[in-house]
Protein chains: 4
Amino acid sequence: MSSSPDAEWPIRQQQIFEAALELFVEQGFQRTTTQDIARRAKVAEGTIFRYFPTKRDLLLGIMAPLASRFFGPVVLRDARRILSETTYDDRTRLEKLLANRLSLAQKNLPMLRTAIWEAPHEPHMRKVFQETVAPQIVGMAEDFMNIRIAEGVFKKELGERTLARMLLSLLMGYVFFKETVPNMFGDSDDQQEIARMVELFLYGASTGADSAETQGKTGETRERPQETQEKTKGGQGARREM
Amino acid sequence: MSSSPDAEWPIRQQQIFEAALELFVEQGFQRTTTQDIARRAKVAEGTIFRYFPTKRDLLLGIMAPLASRFFGPVVLRDARRILSETTYDDRTRLEKLLANRLSLAQKNLPMLRTAIWEAPHEPHMRKVFQETVAPQIVGMAEDFMNIRIAEGVFKKELGERTLARMLLSLLMGYVFFKETVPNMFGDSDDQQEIARMVELFLYGASTGADSAETQGKTGETRERPQETQEKTKGGQGARREM
Amino acid sequence: MSSSPDAEWPIRQQQIFEAALELFVEQGFQRTTTQDIARRAKVAEGTIFRYFPTKRDLLLGIMAPLASRFFGPVVLRDARRILSETTYDDRTRLEKLLANRLSLAQKNLPMLRTAIWEAPHEPHMRKVFQETVAPQIVGMAEDFMNIRIAEGVFKKELGERTLARMLLSLLMGYVFFKETVPNMFGDSDDQQEIARMVELFLYGASTGADSAETQGKTGETRERPQETQEKTKGGQGARREM
Amino acid sequence: MSSSPDAEWPIRQQQIFEAALELFVEQGFQRTTTQDIARRAKVAEGTIFRYFPTKRDLLLGIMAPLASRFFGPVVLRDARRILSETTYDDRTRLEKLLANRLSLAQKNLPMLRTAIWEAPHEPHMRKVFQETVAPQIVGMAEDFMNIRIAEGVFKKELGERTLARMLLSLLMGYVFFKETVPNMFGDSDDQQEIARMVELFLYGASTGADSAETQGKTGETRERPQETQEKTKGGQGARREM
DNA sequence: TATGAATGAGATTTCATTCAT
DNA sequence: AATGAATGAAATCTCATTCAT
């Protein structure tokens, strides 16, 4: 899967799109002039408008491939399959999911960055993002969380939506810091970091060494899930380091 | 603490700045015209340039107050104090920290959003962000993580930088989703969500019910904490609310 | 009544409008560039757009003053008054009307020409022209014709609408030829030509010398007036040539 | 006689020309793009330029056929023949002339409209129009008027040029109103309207019922044609419907 | 000090024309 | 001969900035 938006597009259109995308990432949409794009794509300025009637269409051209690559039936089924492979444990499944999403994200980073960065100020993107992209991706994660909560494996009191959000936050934060502060996070080892995110997500930062008295007040809505948990042998409390 | 950048500024300048900030949030910096700003601030267009020689200066005017409010000595000391109050347990301290940062973030949301959103394409902002803001904020969290790791309370294998990043990711993700997909996360209860983030950060999503065999491969550096955990009695049940 | 479209307009706006109008007459709307207009009006190109958001608005700016000047209540009342002054005979009234309209037309010639010339291809103008301008002006003339027909003074078989159209055709044709073929009609004497148009309109070109057998078949609706004529003694039939 | 400009042209060229002409009528010359023309003619854009080196040549291509069709020796001779057929009375001859010109005009309406509409702003067309077309057509009518004036049949004081102009004005006005305000004049009956124009041209709108005292001041050159009329009993008044 | 009209450089967009296939 | 993609000059329009009042 190349980063070109549509393998069926004419070469010129691809050139232009790639050039635009590069520049949008470097400078943002508004700061990029059609002259910039023409120069980078090595075409005449007028040629741009043969393929993208307005400059804005170049931007919107990002959403379609993004949507299909991230949330197309194939990809979503893929994600669901990973999450439902009960032969693997949670850790493995989550690591696979994150690795899969991360590689997807990295392959499409220019489009993703542009889409996320322009979304707040580009009504169409905002709409697609709010109404299609976010619900789908969050929804998929929620489904998984729901199942694990029902099975008593994940804490009911964290809520499936919050769990979904937090998992995504970890992944997005990873990409964000790596991209935005490369001097601090630029050389992270993806595999290791994925393992760490999953470890934190599943079992937290705490070794357990110091935690007995400090646990137990996750908001007002807490429904005493601990009762169930109390029955559990080998519960989280066991996870102490020494 | 008002959201005006500098109490010493003349009223006119503050009006203009506030108006600009609002518009930068709504439309982005580039899409906002000086005419928009003048209208919103109810001043003449020319007046803007008496206080901010160029439009860009309006944008840069965000960085100074941001830096002082988030990373000024007072505020940083504040954060350090919270984290070092050993009379409280980790949960309480982290909740206080997140609550404090969240309220700070929410009070300064317009500036923060603008700074973060424009940073990638505004060299000066990028520089300040990479060289000052991020290191300070991450550094502070790192310090705390380091101490807790040294004390054996936090898992050494997660790394202090990664821990810092993940804590920040959870908070940033929370703000991001709330802001970006209000239809899904708009009515979150801040306090509850903070509690949940801290719960996840400290102890993870897992109840422990299903976890014995699923743990144990947090990257290559993993030091088998799980073995210890299995021995533990009580488990998560101990972490109850009151 | 000056040719400026609106005495209330700022000077700059008037300059621009006048310049545009001149150029529209000389070159047509499409051939006139905003640069041309700026140069002629001696303003910067950008200034045009402060007063007329788009170039097309300059064109549409023509319709409002035209409508009010030609078909505003005052002017229409004026025309109706002239036509209904029964102290004058038809010739005098028509001459006064034509003179009045002609002077009006000549004062507003640039706007009129532009409006008429652009109307077929400018949907808004076309609409105003078809739905407002033409019906009003034709309607007014029709009213007069109707009255005179009812009084038996004008030939019923010519129809009020046709009479109105023909009167207007004579006047428009006069202006058209004078403007378009100045080498043939440029130095016409307006007063004399008005008198001639009215003479023709009322009594035709014929001296009567040759007409008896030539009259009487104005279309199929004609009800054999010629029979009557034949009976007439000394009637028009007497005006024969030989 | 088809509306194609030259039967000798290759089919492709004719297609292109017809398409261009249609579009010039609908949108005007400037507003019509070569792309429009190519689409309508169902040829490639480049093909246009094989037959018409520039877009302007498409416009100028209108003049030659127009000139030959309206003012070519054959056609002019035709018109002169009609006017000089002394076996017919004036009414018949004028009706035949107008009917002939009108049908000619209607057959060539697209070219005619375009020519007239673009003439003021297209130097070459303007020149041809002023120096060839108008003089020829006006001249021919003038010749006829001159003869009839000399014969005492048409009023000398109206002047041959003015008479010619007024006859043409009536015809042009008819076409103009029918085309421009179809909601008012669209369904006119050509034959009837021609009869009415000729009736008005020869004998005027007046029935004569009210006319004795109202006639008599057609400019300074007036030679009292009214005297004849005054003698008339019944006169034109006889031509009334009831 | 404040104003807001005026500016003009620069952005986007159009379209007649060319040219490789 | 025909095509239609590519061109780039020229058009319309935007907007940060200046400046006379």
Side-chain angles (χ1 to χ4, degrees), chain A residues 10-13 15-16 29-39 41-58, chain B residues 10-13 15-16 29-39 41-59, chain C residues 10-13 15-16 30-39 41-58, chain D residues 10-13 15-16 29-39 41-58:
Chain A
I11 296 172
R12 265 321 194 313
Q13 188 163 15
Q15 278 174 51
I16 291 166
F29 173 72
Q30 291 275 357
R31 279 168 242 250
T32 301
T33 69
T34 51
Q35 199 186 148
D36 291 340
I37 297 169
R39 250 202 290 270
K42 288 181 184 153
V43 298
E45 221 171 334
T47 307
I48 294 171
F49 294 90
R50 163 173 297 276
Y51 296 103
F52 301 93
T54 71
K55 187 187 165 197
R56 191 164 172 265
D57 286 313
L58 263 167
Chain B
I11 295 175
R12 275 282 161 59
Q13 189 162 14
Q15 276 173 51
I16 292 167
F29 172 71
Q30 290 276 356
R31 280 168 239 250
T32 300
T33 68
T34 50
Q35 196 187 159
D36 291 339
I37 298 168
R39 250 201 291 270
K42 288 178 185 158
V43 299
E45 222 174 331
T47 307
I48 293 170
F49 292 88
R50 176 166 304 280
Y51 295 103
F52 302 91
T54 73
K55 187 188 165 196
R56 190 162 175 266
D57 288 313
L58 264 166
L59 186 56
Chain C
I11 295 172
R12 265 321 193 313
Q13 187 163 15
Q15 276 176 51
I16 292 166
Q30 291 274 356
R31 279 168 242 250
T32 301
T33 70
T34 52
Q35 199 187 146
D36 291 341
I37 298 169
R39 251 202 290 271
K42 287 180 184 153
V43 299
E45 219 170 335
T47 306
I48 293 170
F49 294 91
R50 163 175 297 277
Y51 296 102
F52 301 93
T54 71
K55 187 187 166 197
R56 192 164 172 265
D57 286 313
L58 263 167
Chain D
I11 295 175
R12 273 283 161 58
Q13 188 163 15
Q15 276 174 51
I16 292 167
F29 172 71
Q30 289 277 355
R31 281 168 240 250
T32 300
T33 68
T34 50
Q35 196 186 156
D36 290 340
I37 298 168
R39 249 201 291 270
K42 288 179 184 155
V43 299
E45 221 173 333
T47 307
I48 294 171
F49 292 88
R50 176 166 305 280
Y51 297 103
F52 302 91
T54 73
K55 187 187 166 197
R56 191 161 174 267
D57 288 314
L58 265 166

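All of these numbers come straight from a predicted model, not from anything done at the bench. Throughout, protein chains are lettered first and strands after them, A, B, ... in sequence-line order, and every chain is numbered starting at 1.
- Atoms CD and OG1, from C:Glu45 and C:Thr33 in turn, are 7.0 Å apart once rounded to the nearest 0.5 Å.
- Backbone-only engagement by C:Tyr51 is indicated by non-hydrogen atom pairs under 4.0 Å involving sugar-phosphate atoms exclusively.
- Secondary-structure stems of DNA chain F, taken as three or more successive Watson-Crick or G-U wobble pairs (i with j, i+1 with j-1) under a 3.5 Å distance threshold, comprise E:2-21 with F:2-21.
- The base of E:dA2 sits with one of its N or O atoms less than 3.5 Å from a complementary donor or acceptor on the side chain of B:Arg50.
- Of all heavy-atom pairs between B:Ile37 and B:Thr32, the closest is CG1-CG2, 3.7 Å.
- Taking atom CD on C:Gln13 and atom P on E:dA6, their separation rounds to 10 Å, with Å as the unit.
- For the atom pair NZ (C:Lys42) and OG1 (C:Thr47), the distance works out to 14.5 Å, reported to the nearest 0.5 Å.
- If you take CZ of C:Arg39 and P of F:dA10, they are 12 Å apart, rounded to a whole angstrom.
- One atom, CG of C:Leu58, and another, P of F:dA11, lie 16 Å apart when rounded to the nearest Å.
- Nearest to the side-chain atoms of A:Arg12 among the listed nucleotides F:dT17, E:dT13, F:dA6 stands F:dA6.
- Distance CZ/B:Phe29 to CZ/A:Arg31: 6.5 Å, rounded to 0.5 Å.
- Here the P atom of nucleotide F:dA5 and the CD atom of A:Gln15 are 15 Å apart, to the nearest Å.
- In terms of heavy atoms, A:Ala38 sits closest to A:Ala44 at CB-C, 4.0 Å.
- For the atom pair D:Asp57 CG and D:Lys55 NZ, the distance stands at 12.0 Å (nearest 0.5 Å).
- Distance C:Phe49 CZ to F:dT14 P: 7 Å, rounded to the nearest Å.
- Within 4.0 Å of B:Thr33, counting heavy atoms only, lie sugar-phosphate atoms of the nucleic acid but no base atom.
- Residue D:Gln35 contributes atom CD, which lies 16 Å from atom P of E:dT13 at whole-angstrom precision.
- Distances from the side chain of C:Glu45 to the nucleotides F:dT7, F:dT12, E:dT12 place F:dT12 closest.
- Taking atom CZ of B:Arg31 as the reference point, atom P of F:dA16 lies 14 Å away to the nearest angstrom.
- Note: A:Arg39 CZ to A:Thr34 OG1 = 10.0 Å, rounded to the nearest 0.5 Å.
- Residues A:Pro53 and A:Tyr51 approach most closely at CD-O, 3.8 Å, considering heavy atoms.
- Residue-to-nucleotide proximity on DNA chain E shows that, of B:Val43 and A:Gln30, the 5′-proximal contact is made by B:Val43.
- Whole-Å rounding puts the A:Ile48 CD1 to E:dT12 P distance at 9 Å.
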Sort me out a list of protein N/O and nucleotides 19-21 of chain E N/O pairs below 3.5 Å, or just none if empty.
none

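- Between the CD atom in D:Gln15 and the CD1 atom in D:Ile48 there is a gap of 11.0 Å [rounded to 0.5 Å].
- Position along DNA chain E of the nearest nucleotide to A:Lys55 versus B:Lys42 favours B:Lys42 as the more 5'-ward residue.
- Of the two residues near DNA chain F, B:Pro53 and C:Thr54, the one whose nearest nucleotide lies more 5' is C:Thr54.
- Closest approach to the D:Thr34 side chain among E:dA16, F:dT17, E:dT12 is made by E:dA16 (side chain taken as heavy atoms from C-beta onward).
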